[in-house]
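What follows is one structure encoded as C-alpha cells, with my remarks underneath.
Each residue takes its place number in the sequence, starting with 1.
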Amino acid sequence: MDFGMKMVDIMENPTSVPELMQFVQATLQNMQEKFQNVEDSIVKRMTETGKKLDEIEKGLTDLMDHSGMGEPYEEDLESDKDFSDTDKGR
C-alpha cells in the first residue's frame, strides 16, 4: 500500500489519536492554503479595481480640463464666498 492510499484511509476513517491528529493537521493545512488563495485573489482584484478607478479619474479630469470646467471646487468656493459676503450686509 502506498503512502497516498494510506492518507486517504486515515482521512476517511481515523482510528487512533495520532491518525486523528494527522487528519486534523492535513485539514487545517488544506484550509490555510485555500484561504491564502482566496486572499491573494481578493488583493489582486482590489489592486486591479484601484488601477481602473485611477484611470477613470484621470479620464474625467482630462475631460473637465478640455471642456473648460477646470477645477470646479475652487470656483464653487469662490461663488459661495460671494453669497456669504452679501448676506452679511443685510
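- Other members of a hydrophobic cluster containing Val43 are absent, since no ILVMFWY side chain comes under 4.5 Å of it, directly or through relayed contacts.
- Under the side-chain contact (heavy atoms from CB on, under 4.5 Å) criterion, Ser41 pairs with Arg45, sequence neighbours left out.
- Remark: Phe23 CZ to Thr15 OG1 distance equals 12.5 Å, nearest 0.5 Å.
- Atom CG of Leu20 sits about 9.0 Å away from atom OG1 of Thr27, to the nearest 0.5 Å.
- Scanning for side chain to side chain donor-acceptor pair (under 3.5 Å) contacts around Gln25 gives an empty result, with sequence neighbours left out.
- The side-chain contact (heavy atoms from CB on, under 4.5 Å) search around Gln36 returns Glu39, Asp40, not counting sequence neighbours.
- Identified under the salt bridge (Lys or Arg N to Asp or Glu O under 4.0 Å) test for residues 47-60, with sequence neighbours left out: Lys58-Asp62.
- By the side-chain contact (heavy atoms from CB on, under 4.5 Å) test, Ser16 pairs with Pro18, Glu19, sequence neighbours left out.
- Here Gln29 pairs with Glu33 under the side chain to side chain donor-acceptor pair (under 3.5 Å) rule; sequence neighbours left out.
- Applying the side-chain contact (heavy atoms from CB on, under 4.5 Å) rule to Ile56 yields the partners Leu60; only residues at least two apart in sequence or on another chain are considered.
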